[in-house]
There are 2 protein chains.
Amino acid sequence: MNNKPKTRMTKQRKAILRVLKNTTIHPTADWIYEQVKKEIPNISLGTIYRNLNVLAKNKDIMVLDYGSTYSRYDGNPENHYHFHCKKCEQVFDLELPCFHDLNEKVNEDTNFKAENHRLEFYGFCPDCR
Amino acid sequence: MNNKPKTRMTKQRKAILRVLKNTTIHPTADWIYEQVKKEIPNISLGTIYRNLNVLAKNKDIMVLDYGSTYSRYDGNPENHYHFHCKKCEQVFDLELPCFHDLNEKVNEDTNFKAENHRLEFYGFCPDCR
DNA sequence: ATTTAACTAGTAATTATTGCTAATAGAAAC
DNA sequence: GTTTCTATTAGCAATAATTACTAGTTAAAT
Ligand SMILES: [Mn+2]
Ligand SMILES: [Mn+2]
Ligand SMILES: [Zn+2]
Ligand SMILES: [Zn+2]
């Protein structure tokens, strides 16, 4: 009946999660790979991807897609908004509170049932403007 | 001085643009390829991608990224909001007006200079709810 | 300590997208 | 209409992020 595989906390998974929780740069899988390699030199890139997918499914982290070239990952699983600088390409967290009423507005005005949303701003960061 | 290459309106580009303007499904490059092939059987997939990129750069269309697996394209270049169904995976246009004041709120509350934003809702469409 | 299946390292495979090149064809100038 | 110029194309090769596979390993429950 309950066939969900039980997730184990391996040292690889723990290290990946710690690296991601301790940065604000919204890194790529490859950046995480380079960081974790300092600690576990023979870790496999496949292990990075597999764990990022498991952690995202468990809602321990978030996946952010920017373009079809690669994904970025976010150690903060709570919905929050991002700013993407068009010049330096960095992704920043915004301090805005989450507008929960946006979902409600959709649910009132349309026949869709919105459960969550993603809001991304594009422009120039303080250093690039 | 002015070294922008002049864009030509080839029959391939015209057909791609027409196909994209005449659908609301926010198709993938491959779907567009299949449609245009009915009209221009020996068109190359590379031509599809090259033209979609040119058209997007010219702001004739929009590129929507959902996950790192593939991009979807939108024949409406004006900012508008989308709804992504978690079950059938279809992407719908929402009739909500664009909240231009969201950019202004960021510009007032933070040091970032927001020029535009993207807002995507996730949940279940009328048929799947 | 034993057991079991989730997990890993290493590598191969997949696939969306881009790069390359000789030939073609818009469209501007004549 | 003809010439000229160069953006564009078809066909195919290359790239690169991500996933799949497999034999061996290990977390963790009993
Ligand atoms: Mn974030
Ligand atoms: Mn749309
Ligand atoms: Zn910047
Ligand atoms: Zn649906």
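Chain A is the first sequence line, chain B the second, and so forth, proteins listed ahead of strands; every chain is numbered from 1. Since the structure is predicted, the reported quantities are computational estimates derived from the model, not experimental observations.
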Can you tell me if N42(B) touches the phosphate of dT9(D), counting only side-chain N or O atoms and a distance under 4.0 Å to OP1 or OP2?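 No.
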Walk me through it: do E89(B) and R72(B) pass the test salt bridge (charged side-chain N to carboxylate O under 4.0 Å, His left out)? CA-CA 12 Å; E89(B) 303 257 275; R72(B) 287 169 174 261; over 6 Å; no
Any chance the rings of F99(B) and Y81(B) have centres within less than 6.0 Å?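 Between Y81(B) and F99(B), which both carry aromatic rings, the centre distance is below 6.0 Å.
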Proximity of H82(B) and F112(A) rings by center, below 6.0 Å: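 Ring-ring flag for H82(B)/F112(A): false, centres at least 6.0 Å apart.
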Taking [atom1] from [X] and [atom2] from [N], how many angstroms apart are they, rounded to a whole number?
X      : N       : atom1 : atom2 : result
K37(B) : dT9(D)  : NZ    : C1'   : 16 Å
R13(A) : dA9(C)  : CZ    : P     : 12 Å
N51(B) : dG19(C) : CG    : P     : 15 Å
L52(A) : dC7(C)  : CG    : C1'   : 15 Å
I16(B) : dT8(D)  : CD1   : P     : 12 Å
W31(B) : dT17(C) : CH2   : P     : 16 Å
E39(B) : dA10(D) : CD    : C1'   : 17 Å
K57(A) : dA6(C)  : NZ    : C1'   : 15 Å

Begin from the C-alpha positions of Y66(B) and H84(B) and carry the test ring pair (Phe, Tyr, Trp, His ring centres under 6.0 Å) through to its verdict. CA-CA 9 Å; Y66(B) 288 100; H84(B) 189 107; 4.7 Å; yes
Residue that, paired with I61(A), satisfies side chain to side chain contact (heavy atoms under 4.5 Å, CB included) out of N76(A), I16(A), L20(A):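 Of N76(A), I16(A), L20(A), side chain to side chain contact (heavy atoms under 4.5 Å, CB included) with I61(A) is met by L20(A) alone.
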Contact letters for nucleotides 12-30 of chain D, in which S counts primed atoms plus P, OP1 and OP2 and B counts the base, heavy atoms under 4.0 Å: -----SBB------BBS--
Between the side chain of K113(B) and the main-chain N/O of G123(A), is any donor-acceptor distance below 3.5 Å?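 No: the side chain of K113(B) does not pair with the backbone of G123(A).
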